[in-house]
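Reading through the structure tokens given below for one structure.
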Number of protein chains: 2
Amino acid sequence: MNQSKRYLDIVRDIRDMIRQEKIKPGDRIPSERELAETMQVGRSTLREALRSLELLGLIETRRGEGTFLSDYRNHKLVEVLSTFVLQDNQSHEDVWRTRQIHEMAAIHEICQNEAASQMKIWDSFRLRLEGESFQREDFVRELMVLSGNRLSLKIWFLLKQYSGNPYDGTVSSEEIDRMNDILTAIERQDADTAIREFKAWSEWLQKERIRNGNYS
Amino acid sequence: MNQSKRYLDIVRDIRDMIRQEKIKPGDRIPSERELAETMQVGRSTLREALRSLELLGLIETRRGEGTFLSDYRNHKLVEVLSTFVLQDNQSHEDVWRTRQIHEMAAIHEICQNEAASQMKIWDSFRLRLEGESFQREDFVRELMVLSGNRLSLKIWFLLKQYSGNPYDGTVSSEEIDRMNDILTAIERQDADTAIREFKAWSEWLQKERIRNGNYS
DNA sequence: AGGATATGAGTGGCCAGACCACTTTCAAAA
DNA sequence: TTTTGAAAGTGGTCTGGCCACTCATATCCT
């Protein structure tokens, strides 16, 4: 049964270990030699599993220090994927659209939720919006969190990395107006308008990035 | 600069080699020992790179035969990431909703696509619908495929498995009517109606499963 | 001659041991 | 007290070996 692909078992074991031991992003996992012994495998085999996870950005290794569970901000994998998996426009487009799917679904979900419209969060949201150096990413992530779907949030977070940090940078004054409009529509629970305006902003942002050559 | 992470260089070298030598999916790539020699690198280090690519589904290794390039479109990225993202404590509700998100987005996408409405596929679709033992899953999968978003399709496929095979079984006569209505709305490019009816069917189906105790 | 069998080369799977380069720690020296 | 440096621990890499498996070839038996 377990004839070949032992390193795949190790990948699964490591995943289970991370769950059971409740290792959080940033935490250190046992050393290679230690893991190899407890799992009764050779160190080189164990390393094959670790390097695979590292290429995916799930772990981070630092020579002389150890191996750490990645905090999901490691984007070494973007390089690999953009040159390997995502080498055609179709795949790029898919990532972009799929991310949009989750974002618009989040807005839709928030609008459906009765309680959301009555929350005080929108005021504080606007307050931060006016503040200095408000990050574009914070705006979208906040919406994803408010949707209440943690799985969708996780998927979105991954897709965001794969699409070349689409929300890098701080918002301009023009964007603040756009965001305010979106928030107002959400408060009114007007999903159609909110989504339409969000989509407009998203596509405006994309054009802006292309104009500035901010690929990745 | 390139002090550490030699296996990453190998990953890139292999990619370049594949491009230069015009190796196509299904073709065999040089053996590990051979590659290690030409790249002036140890075999274990080379294997770390190969196993990483294998985990991503970019290559396929068969003991005693060799290593083969696989179709890059069949990359396993989503599958691997899902084992880490889809944790056991993930609420059933989130999985269910996220799957719905992708399904409704697919329908929306199809309706947006001008060409789709003029395709002949809908007739053959209906024909199969009338036939014997049409599987529920086929209906939804077909829609996902027609959306043209391969990534969304992959994610959906995983979520479907994770949410306990929600589309097991064949369609009843009542469901055929529902599906016909959905298809008609899609043909009219009436996304709102199509999605509403799909949602209605989806939730009816869920209740039906609960009634029959078809959990999982 | 033809089919079954044995053999050997080639391949990936895995392991043990050995260095190296690097970071951390902590005790000894200033 | 501060500085220094040696030791322990870690990941990075290579070597060489053995195993299990596949396949093509040669060999043997009928």
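Proteins come first, then strands; the chains are lettered A, B, ... in the order of their sequence lines, and each starts at number 1.
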| query | So, is R62(A) near the phosphate of dG12(D), with a side-chain N or O under 4.0 Å from OP1 or OP2? | reply | no
| Six-ring centre of W156(B), K160(B) cation under 6.0 angstrom, axis tolerance 45° | yes
| request: Report, as yes or no, whether the 6.0 Å neighbourhood of atom CD on Q206(B) holds more than 12 heavy atoms from other residues, nucleotides or ligands. | output: yes
| message | OP1 or OP2 of dG10(C) versus the side-chain N and O atoms of R63(B): is any pair under 4.0 Å? | response | no
| task | Identify whether NZ of Lys or CZ of Arg in K199(B) sits under 6.0 Å from the centre of the six-membered ring of W201(B) and within 45° of that ring's axis. | result | no
| request: Describe the nucleic acid contact of S44(A) in one word from base, sugar-phosphate, nothing, applying a heavy-atom distance below 4.0 Å. | output: base
| field | Ionic contact status for K207(A) with E203(A), cut-off 4.0 Å | value | no
| task | Give the nucleotide from the list dG13(C), dC14(D), dG11(D) with an atom nearest to the side chain of T61(A). | result | dG11(D)
| query | Could a donor-acceptor pair under 3.5 angstrom be found where the side chain of R33(B) meets the base of dG12(C)? | reply | yes
| In whole Å, what is the span from the CE atom of M39(B) to the P atom of dT15(D)? | 15 Å
| request: Return the nearest nucleotide to the side chain of R43(B); candidates are dG11(D), dT11(C), dC14(C). | output: dC14(C)
| field | Side chain of R47(B) - closest among dG12(D), dT13(D), dG12(C) | value | dG12(C)
| remark: Side-chain contact check for E32(B): nearest option of dT24(C), dG11(D), dG12(C) is dG12(C)
| request: Map R28(A) and L46(B) onto DNA chain D by nearest heavy atom, then report which one ends up closer to the 5' terminus. | output: R28(A)
| task | Looking at every strand, decide which applies to G42(A) at a 4.0 Å heavy-atom threshold: base, sugar-phosphate, or nothing. | result | sugar-phosphate
| Residue whose closest nucleotide on DNA chain C lies nearer the 5' end, G64(A) versus Q40(A) | Q40(A)
| When you check the gap from the basic side-chain N to the acidic O, do D138(A) and R141(A) get nearer than 4.0 Å? | yes
| query | DNA chain C: S31(B) or T45(A), which has the more 5' nearest nucleotide? | reply | S31(B)
| request: With DNA chain D as reference, determine whether E65(B) or I29(A) sits nearer its 5' end, using the nearest nucleotide of each. | output: I29(A)
